Amino acid sequence: MPGTRDENEFPRLIFNSDGDSTTLMQFTPPITQEQACRAVEEIVGTEVDVFTNSMGRGDDTFSHPTEFGEVYGEGVTEWPQEKGLEGIRVAAENTRALLDAGIDIVELLAARAHKRGFQFWPALRMNDIHEDDSARFATRRSSFKKEHQELLIGSPYPTRHGYGYPHDDFTWAFDYAKKEVRDRKLGLILETCGKYDVDGFEMDFQRGAWYFKERQEEAGLAMMTDFMRRVRAGTRDISEKRGRQFRLMVRVPPTIAKCLDVGLDVPTWIKEELADLFILMDKDYLDMGADVRGLVALAKSTSCKIGGGLEHSVKGYGHAGADTLYAGALSYWRQGASCIYLFNYDCHRELGGALPYTPEEVQVLREIHDPNVISRRNKRYCVTVDAYSRLPEEGGTMPLPYLLRQAGDGAAFTIWVGDDLESARRDGVLDEVWLRLMYGSYDTDMLNATVSLNGRQLPSGHRAQTSESTTVTYSDVPAVFGENEVAVELKDG
């Protein structure tokens, strides 16, 4: 039976579970059913509508039996011995323990999620390039991949899309230009949706960032669109036979340009309504620069919904607390998002996978679904830092870091603020708005810059210096609802 929340209502808060980092990897084998359901039980009493669970250990090895993949750990005889990697082997032992006990983990989680009032959507990482990390995750490679390396992107290692493990100059990511790959993924999706009592399905196109050999992405656009048409037709047929609501969700790059760059023609997918929900989210860390407004406008004449995705890790800023998550969520809500999606929330919890959520993390799950509630919470808006701290001219894909070389050099950055600051001021609930800039790798005695916000030059800020950087904080700044432009220009010392 579906959960107690109305399945016909569109979800407001979607919770993505990593799938093993807080369950299969954490408990001494043999894992119990209660331990395997930990990720579901921990969110009881929150405002989560949908629990999605990553089925794969790699993208072709799983903890449940399937005709279109392999059981994780089967045939593996050598496991990484380094301290801290014990969970990789433990996950395989717990997978085997459940199967030997006649327990299918997808079936188990679906039943538990429904019992606790959540919708359950299995999640499939369409390419999961953890497998490229030979030192830690070689055990996640399936024998099918090893025997059919002609179906992989292989070598040379892609360089254009960031995120990966290029040490061996070989990626184990599937090459979707090969029909056999697309057929294998289609078979897995339709098998899962037809076999289990699920309310939807998540296709995650962001855990691995590439689907074709480098520079072949444009040629692959039509192939991926045809693949999506086949998925959509198959899942609709399943939904019609069951006579109940079924939603298909895709997690995709945060802008149209980035979608097209990796071979995903998302504008056509929206036009043809090939999915119900499109989650815009960067592949690396939390990013507040998703083009929610643009995609919402594109979807206006369709039944498609656009959601904003967030996660705990924020490159350059540390762990995302409630203030950062609320800032990202509110900006997405105000731009027209239909839901908030939290990626890997259990895996990247503040205290680590073996420990409970902090009270603040639970509070986020109880509040982030409601823009009216979080509008009166503290926020921390961020300009995104490249995952590898690369400059734009070095291939960096984010606004920061940015190099100012000499007097006269300048840069401008946009921050989208979701708070109605004027209303907050009128209501007497806004204490202060401040802007903080950090300068690194400078002779701090010579640092001299003009900083403007929305065209107004700011008075001198408060400086705090360390041996590695200088941070300047400006108080009472003229921020506004919507787009805010921060301009920085170096002056003569």
Side-chain angles (χ1 to χ4, degrees), residues 16-26 39 52-64 66 69-76 78-95 122-146 149 151-155 157-159 161-176 181 184-185 188 202-211 251 253 262 281-285 309 311-313 315 343-349 352-353 387-388:
N16 167 269
S17 170
D18 187 50
D20 61 5
S21 58
T22 59
T23 53
L24 297 174
M25 295 179 71
Q26 296 297 338
T52 80
N53 184 76
S54 179
M55 299 190 300
R57 307 289 75 84
D59 67 5
D60 201 52
T61 53
F62 305 90
S63 293
H64 71 282
T66 170
E70 299 174 15
V71 173
Y72 174 58
E74 295 294 283
V76 176
E78 295 185 13
W79 298 94
Q81 299 300 312
E82 292 82 356
K83 186 177 180 180
L85 299 182
E86 299 87 352
I88 294 173
R89 172 185 52 79
V90 168
E93 293 181 1
N94 277 326
T95 291
L124 177 63
R125 294 174 176 176
M126 305 307 293
N127 259 341
D128 187 341
I129 55 176
H130 280 92
E131 299 168 35
D132 297 351
D133 185 352
S134 298
R136 294 184 297 166
F137 299 120
T139 58
R140 296 186 176 184
R141 301 167 187 166
S142 67
S143 59
F144 179 84
K145 282 190 170 185
K146 294 175 186 177
Q149 294 188 26
L151 300 179
L152 309 180
I153 292 176
S155 182
Y157 204 81
T159 59
H161 307 301
Y163 177 63
Y165 309 93
H167 318 297
D168 298 335
D169 192 30
F170 187 94
T171 177
W172 290 80
F174 275 123
D175 182 356
Y176 276 71
V181 170
R184 187 171 177 86
K185 293 295 186 180
L188 177 62
E202 174 185 349
M203 300 172 68
D204 183 355
F205 285 98
Q206 280 294 75
R207 204 62 186 113
W210 38 79
Y211 295 91
R251 188 168 81 107
V262 297
M281 189 174 182
D282 187 65
K283 61 186 175 298
D284 293 314
Y285 297 92
E311 72 163 290
H312 270 325
S313 296
K315 183 65 176 181
F343 177 73
N344 266 10
Y345 198 79
D346 52 349
C347 174
H348 293 162
R349 67 182 71 200
Y388 298 94

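The shown structure was predicted, so the numbers you read here are calculated from the model rather than taken from an experiment.
- Between the side chain of N127 and the backbone N or O of G208 there is no donor-acceptor pair closer than 3.5 Å.
- Minimum interatomic distance between G73 and A92 (heavy atoms only, all atoms of both residues): CA-CB, 3.9 Å.
- Considering only heavy atoms from C-beta on, N344 stays 4.5 Å or farther from S21 through its side chain.
- Here the closest non-hydrogen pair linking A387 and Y285 is CB-CE1, 3.7 Å.
- Contact detail for D346 and A39: the closest heavy-atom pair is OD2-CB, 3.9 Å.
- A distance of 12.5 Å separates OG in S142 from CD in E74, rounded to the nearest 0.5 Å.
- Side chains of Y157 and D132: a donor-acceptor N/O pair is present below 3.5 angstrom, by distance only.
- The line from CG of L124 to CD of E202 is 9.0 Å long, rounded to the nearest 0.5 Å.
- To the nearest 0.5 Å, the span separating CG on D18 from CZ on R349 amounts to 10.5 Å.
- Ring-plane geometry between H130 and Y165 is classed as tilted, the angle between the planes lying from 30 to 60 degrees on a 0 to 90 degree scale.
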Exercise. Would you sort out whether R207 and D59 count as a salt bridge (Lys or Arg N to Asp or Glu O under 4.0 Å), showing the intermediate values?
Key: CA-CA 10 Å; R207 204 62 186 113; D59 67 5; over 6 Å; no
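- Looking at I88 and Y72, their side chains come closer than 4.5 Å, going by heavy atoms from C-beta outward.
- Residue E78 places its CD atom among 12 or fewer non-hydrogen atoms of other residues, nucleotides or ligands, all under 6.0 Å distant.
- Annotation: the span from K315 atom NZ to D282 atom CG amounts to 12.5 Å, rounded to 0.5 Å.
- Using a 4.5 Å cut-off on side-chain heavy atoms (C-beta onward), S134 and R141 make contact.
- Of the options R136, K145, R57, a side-chain contact (heavy atoms from CB on, under 4.5 Å) to E131 is made by K145 and by none of the others.
- If you take CZ on F62 and CG on D20, they are separated by 12.5 Å, rounding to the nearest 0.5 Å.
- Under the 3.5 Å distance criterion, the side-chain polar atoms of N16 are left unmatched by any main-chain donor or acceptor of S54.
- When all heavy atoms of G353 and T22 are compared, the closest pair comes out as O-CG2, 3.7 Å.
- Under a 3.5 Å cut-off, the side chain of T61 and the backbone N or O of R140 do form a donor-acceptor pair.
- For D128, the salt bridge (charged side-chain N to carboxylate O under 4.0 Å, His left out) partners at least two apart in sequence or on another chain are R125.
- In this structure, CD in E86 is found 10.5 Å from CD in Q26, a value given to the nearest 0.5 Å.
- Residues M25 and G87 come closest through the heavy atom pair CG-O, 3.5 Å.
- For the pair Q206 (side chain) and M281 (backbone), a donor-acceptor distance under 3.5 Å is present.
- Between L85 and A135 the shortest heavy-atom distance is CD1-O, 4.2 Å.
- Judged by distance alone, with hydrogens and angles left aside, the side-chain atoms of E70 form a donor-acceptor pair with the main-chain N or O of F144 at under 3.5 Å.
- For the pair L152 and F174, the minimum side-chain heavy-atom distance is below 4.5 Å.
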